[in-house]
Amino acid sequence: MDAVDLFRKLGAGAKFDFKRFGKDAGRFKVTTVWLFFCICFSYIYLIPVYCYIDAENKTDGGEEEELENRGIQWLSSQDKKAKGPKTKAKDQLSLKRLKQLHSEKVNQIRHSNRINVHGTDIPDPLSTFEELQKEYGLDPRIIQNIKAAGFQTPTPIQMQAIPLMMHRREILACAPTGSGKTMAFCLPLLAHLRQPFNKGFRALIVAPTRELASQTHREMLKLSEGVGFRVHMINKGVDAVKKYGPKSAKKFDILVTTPNRLIYLLNQDPPALDLSSVEWLVVDESDKLFEDGKTGFRDQLATIFLACSSPKIRRAFFSATFTTEVEKWCKLNLDSLVCVNIGPRNSAAETVEQELLFVGAENGKLLAMRDLIKKGFMPPVLVFVQSIERARELFHELVYEGINVDVIHADRTQQQRDNVVSSFRSGKIWVLICTALMARGIDFKGVNLVVNYDFPTSAVEYIHRIGRTGRAGHKGKAITFFTEADKPLLRSIATVIRQAGCPVPDYMIGFKKIKSKVKRQLEKKPPRRSTIRTMPRFLIKKKPGKRKR
DNA sequence: AAAAAAC
């Protein structure tokens, strides 16, 4: 069984813990294996119960010495002073009361920030960035950088994920789009590495697109400014071979990259990259990188997992959306996993005003789009379509409208992609037509409107697309065109919209639920749509698709 | 369907 096979099996939710049971386990018969799985599963489902009982015991048990020895910050400095010299009985009583008050306070903080957390021994949420310096020894310069970037207080995901990672806990974290996930994993990495150390990469962040990797890289640079960490991104495979290979000076700390470039380096002979000193692996957009199938990311992720061979390795998974598959895998394969959820799972950001617009048939979309432009709009605007070809077509339709429009997709050169992103960031482009390339993680400041020109292929895709607006507490708007052909998925997306508090006609919710098998098929094969064209054909630049499929 | 590598 080769490495990738192993991971596939793990991905399917089956795990056999060879480490724990030794090689004899391999000789077990199928039935025994089944029995083992059953025990495993029942154990996992009982964890919350144990957890609850455990917590009860702790608050009532009066084992204050043990608690203090474990370094749990039960008492604020004031509380400690207030303790004073008292008789032992009174002391115990007041300590018990303080602990009770403390846990009430913590629960209240979690509740009011909609932090749901599952697991054992969970550290208290953070309420200010300054605590990072006091409790975890974060460089004060980094706190300064945070403040300079305009962040005053931690967001809910940061409040809980940062202390967890600081305690070296492996986590699966889900928080809405634009709610500060990037900083939630960047800060613990910086705090945990303490200082630059010439040993090779000690932290690795993987993201599904180059644009997202480069954004995270920039964010990391900004946060660590003046501290001297060496944060790298793989730009070109060939250059990187020399840069990180066995003959390099090994002066780096953090690597941000997309999976396939990393694998290219690992596959060189000799390997051009050594991941054996990586202590933190962060998987951003984890559900995307877990995508299975021939063209999915999963096999690539598997290779990366196995290359991070340090016994000290800790892993953290982040995304705005949640799949049970990722959860199952994490529960089975990570060490005493903690799940953090902010608000309800798989929900759209509530800061986005969402609208569904019936446009009749396919040709109605272009009319609706032109209408939208004519009526006036507030740039910048993102327009999502389902394929590269349609992105090109729509671009050629809108380029003569007298607006600054451009297009981005994976068939453009890296140079073009970089230019488009920076022009859109600086406001030179008003309307950007894009594929799923832009759907995840990208943080454009102040996108006012997202138009779903083509209906998203799933509710998850919808949540990510519209999450490009309404970020960091700002307001945003999303308009989703739909035609008769989009009816199968209308219900699930209408449900997401209603859950976020936006009005949706009742009849849509009343549609029959489609089978999950059909749903999956729709994700892989979205409805065929007729060409976007009113311009004479000869005006359209043809670009023969050389993409390997 | 889209995304992700390079020579």
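These figures come from a predicted structure and were not determined experimentally. Letters A, B, ... are given to chains in the order of the sequence lines, protein chains preceding strands, and every chain is numbered from 1.
- Distances shown here put a side-chain N or O of A:T435 below 4.0 Å from the OP1 or OP2 atom of B:dA3.
- For the pair A:N260 CG and B:dC7 C1', the interatomic distance rounds to 14 Å; values are reported in whole Å.
- OP1 and OP2 of B:dA1 both lie 4.0 Å or more from every side-chain N or O belonging to A:R528.
- The stretch residues 457-471 of chain A has no heavy atom under 4.0 angstrom from DNA chain B at all.
- Among the nucleotides B:dA4, B:dA1, B:dA5, the one closest to any side-chain atom of A:P526 is B:dA1.
- For the pair A:K525 NZ and B:dA2 P, the interatomic distance rounds to 13 Å; values are reported in whole Å.
- Nucleic acid contact class of A:K288 (heavy atoms, under 4.0 Å, all strands): base.
- Screening residues 479-495 of chain A for salt bridge (Lys or Arg N to Asp or Glu O under 4.0 Å), with sequence neighbours left out, gives A:D486-A:R529.
- Annotation: salt bridge (Lys or Arg N to Asp or Glu O under 4.0 Å) contacts involving residues 438-450 of chain A, sequence neighbours excluded, comprise A:E285-A:R440, A:D287-A:R440, A:D443-A:K445, A:D443-A:R471.
- Rounded to an integer number of Å, the gap from A:E291 CD to B:dA3 C1' is 8 Å.
- In this structure, the CG atom of A:D411 is 14 Å from the P atom of B:dA1, given to the nearest Å.
- Here the P atom of nucleotide B:dA1 and the CD atom of A:E389 are 12 Å apart, to the nearest Å.
- In this structure, CG of A:N452 is placed 19 Å from P of B:dA1, rounded to the nearest angstrom.
- Checking A:L275, A:N267, A:T303 one by one against A:L262, the side chain to side chain contact (heavy atoms under 4.5 Å, CB included) holds for a single residue, A:L275.
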Report all side-chain donor-acceptor pairs from residues 174-183 of chain A shorter than 3.5 Å, counting only partners two or more places apart or in another chain.
residue: A:S179; atom: OG; partner: A:P176; partner atom: O; Å: 2.7
residue: A:K181; atom: NZ; partner: A:A175; partner atom: O; Å: 2.8
residue: A:K181; atom: NZ; partner: A:P176; partner atom: O; Å: 2.9

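- For A:T209 and B:dA4, the shortest distance from a side-chain N or O to OP1 or OP2 is not below 4.0 Å.
- Side-chain polar atoms of A:Q268 and A:Y244 form no donor-acceptor pair below 3.5 angstrom.
- Distance CD1 (A:I442) to C1' (B:dA3): 12 Å, rounded to an integer number of Å.
- Here A:E523 pairs with nothing under the salt bridge (charged side-chain N to carboxylate O under 4.0 Å, His left out) rule; sequence neighbours left out.
- Computed from coordinates, the A:L265 CG to B:dC7 P distance equals 11 Å when rounded to whole Å.
- Of the side-chain N and O atoms in A:R520, none sit less than 4.0 angstrom from OP1 or OP2 of B:dA1.
- Applying the side chain to side chain donor-acceptor pair (under 3.5 Å) test to pairs two or more places apart or on separate chains, those with a residue in residues 338-347 of chain A are A:E327-A:R345, A:N341-A:R345.
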